[in-house]
J.: 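Quick one: this structure, given as structure tokens, is what I'll be asking you about.
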Amino acid sequence: MGTHEELLNRWSLENSNENHLKRWWWEIDPYLFWTMILLLCIGLIMVFSASMTTSIMSYSDPYYFFKKQVVGVALSFFFFVIASFIRLDFVRKMSSKLLLLSVVLLTLVFFPYIGRMVGGSYRWIDFGIMRFQPSELAKLSLIIYMADTLVTHRHRAQDFWYGVVPFLLVVGVMGVLVIMEPDLGTAIFLAGITFVMLFLGGRKIIHLLYPIFAGIPILLFLIFASGNQYWKARLEAFVNPWKEPLGKGFQIIQSLIAIGSGGLFGRGLGESRQKFFYLPDRHTDFIFAIIGEELGFIGTIGVVILFCILFWRGWLIAVRSGDDFQAMLAMGIILSILMQVIVNMSAVLKILPVSGVPLPLVSYGNSSILITMIEIGLLFNIARQSKVNHFE
């Protein structure tokens, strides 16, 4: 009888703990949750400030981009909750289908009446009420697929032809479609995710160096000999923006002016001068420059600290996971977000060439926020599973 009561009490405790986790899912990792919320709030405030001039001039509504961003955040939060509770074994089972869907969507951007050309690039699919950028989904689907395949076929880790080449073919197909948009920055980013995941999956470094050395001539050809002046202009602007201060180098110079004029405490929220049509893409890829101008060094360091906390919590979730697939997925997600942050901030500060990579959770753009929120939702899901398994 005592044994029966003991088992019943243990079962009640386990279920109460699991139900508690399901009910109060944001308490699984309050650091991660509130960091995400703070970054979203900063993003909404800064998108409103940075986009106000464009909203008034183009749409006669100072809240135009702000309202679209609010709708995007609300929709993304809905998918964030779904990602927090979806069965991870189902996500793993659907990895190949999700990857195929990404390739199909990357192809559809070139179809008339489906794809949407903006700024000379076919990167979006128009759903009427909103536009979606398939390359953002491609990043997540690639991470999920590689996490599953690397764990399932770990016995191929030391084999170059079976353990590395198949992934190069997959990212090669996706990369070609993205380059055709054209979007060389995202193609390089997809390649970067692939090599990071392969390294985490235990591949030999020498096996990873082979395709890197082989890819350098291809990259140089695409930039200098393919006839696409867009990529060449970006590289030339990075090397010496002051050579053409009103042409190729205009954006980088204005970004540096915005960052430099902010000083320690900034001009004040809403007081940016560069947003008055000096700095292009001020509410998208270069929103970090407006943060520096309005909130100063203190504001930019605050944003950097928040992203450091995000990375710290995500890495802990990966390390503490007792499941290999979940650990690999968490590491891929958090390193992908970190790479985007580094690439975006480096472009704003003229450390790397401009690549068109947005600042996660902060830049204007519903596609980026949607996928990033889903990724963070999966991190919460992995953390929740780890805590539930702890009671079993």
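This is a predicted model, so every value here is computed, not measured.
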J.: Donor-acceptor pair, Arg384 side chain versus Ser84 backbone, under 3.5 Å?
T.: yes
J.: Is the closest side-chain heavy-atom distance between Val170 and Met146 below 4.5 Å?
T.: no
J.: Between Lys67 and Asp61 (salt bridge meaning N to carboxylate O under 4.0 Å), is one present in this structure?
T.: yes
J.: Any side-chain heavy atom of Pro134 sitting closer than 4.5 Å to one from Val109?
T.: yes
J.: Should Arg282 and Thr54 be marked as a side-chain hydrogen bond (donor to acceptor under 3.5 Å, both in side chains) after you check the CA-CA gap, both sets of side-chain angles, and the distance that decides it?
T.: CA-CA 10 Å; Arg282 50 196 164 272; Thr54 305; 2.6 Å; yes
J.: When the ring planes of Phe80 and Phe380 are compared, do they come out parallel, tilted or perpendicular, using 30° and 60° as the limits?
T.: perpendicular
J.: If we ignore angles and hydrogens, is there a donor and acceptor under 3.5 Å between the side chains of Gln274 and Ser272?
T.: no
J.: Heavy-atom distance under 4.5 Å between the side chains of Thr152 and Phe325, does that happen here?
T.: no
J.: Around atom CD1 of Ile205, are there more than 12 heavy atoms of other residues, nucleotides or ligands at under 6.0 Å?
T.: no
J.: Could you report the tightest heavy-atom contact between Pro166 and Trp161, atom names first, then the distance?
T.: CD-O, 3.2 Å
J.: So, is the end of the Lys204 side chain (NZ or CZ) under 6.0 Å from the ring centre of Phe160 and within 45° of the ring's axis?
T.: no
J.: Go through the steps to decide whether Asp323 and Gln385 satisfy the test side-chain hydrogen bond (donor to acceptor under 3.5 Å, both in side chains), and finish with yes or no.
T.: CA-CA 9 Å; Asp323 180 87; Gln385 292 296 327; over 6 Å; no
J.: If Ile, Leu, Val, Met, Phe, Trp and Tyr residues are connected whenever their side-chain heavy atoms lie under 4.5 Å apart, and connections chain through other members, are Ile37 and Met46 in the same group?
T.: yes
J.: Does any non-hydrogen side-chain atom of Leu200 lie less than 4.5 Å from one of Val196?
T.: yes
J.: For Tyr59 and Phe65, run ring pair (Phe, Tyr, Trp, His ring centres under 6.0 Å): C-alpha distance rounded to whole Å, both residues' side-chain angles, the deciding distance at 0.1 Å, then the answer.
T.: CA-CA 9 Å; Tyr59 303 98; Phe65 288 106; 5.7 Å; yes
J.: Is there a side-chain contact between Ile188 and Ser355 in this structure, where contact means two heavy atoms from C-beta onward sitting under 4.5 Å apart?
T.: no
J.: Is any side-chain heavy atom of Asp324 less than 4.5 Å from a side-chain heavy atom of Leu150?
T.: no
J.: For Gly175 and Ala187, work out which heavy atoms get closest and say how close.
T.: O-CB, 3.9 Å
J.: Quick one: are Leu101 and Ser141 in side-chain contact, heavy atoms under 4.5 Å?
T.: no
J.: Do Phe297 and Val341 sit in the same hydrophobic cluster, where Ile, Leu, Val, Met, Phe, Trp and Tyr count as joined when their side-chain heavy atoms come under 4.5 Å apart?
T.: no
J.: Evaluate the side-chain proximity of Met373 to Met36: yes if any heavy-atom separation is below 4.5 Å, no if none is.
T.: yes
J.: Taking the six-membered ring of Phe238, is NZ or CZ of Lys350 closer than 6.0 Å to its centre and within 45° of its axis?
T.: yes
J.: Could you tell me which non-hydrogen atom of Val362 sits nearest to which non-hydrogen atom of Leu39, and how far apart they are?
T.: CG2-O, 3.9 Å
J.: Is there a path of hydrophobic side-chain contacts, each under 4.5 Å between heavy atoms, that joins Leu316 and Leu88?
T.: no
J.: Treat each ILVMFWY residue as a node, draw an edge where side-chain heavy atoms are under 4.5 Å apart, and state whether Leu38 and Val303 are in one component.
T.: yes
J.: Is Glu294 paired with Lys275 through a side-chain N to carboxylate O contact shorter than 4.0 Å?
T.: yes
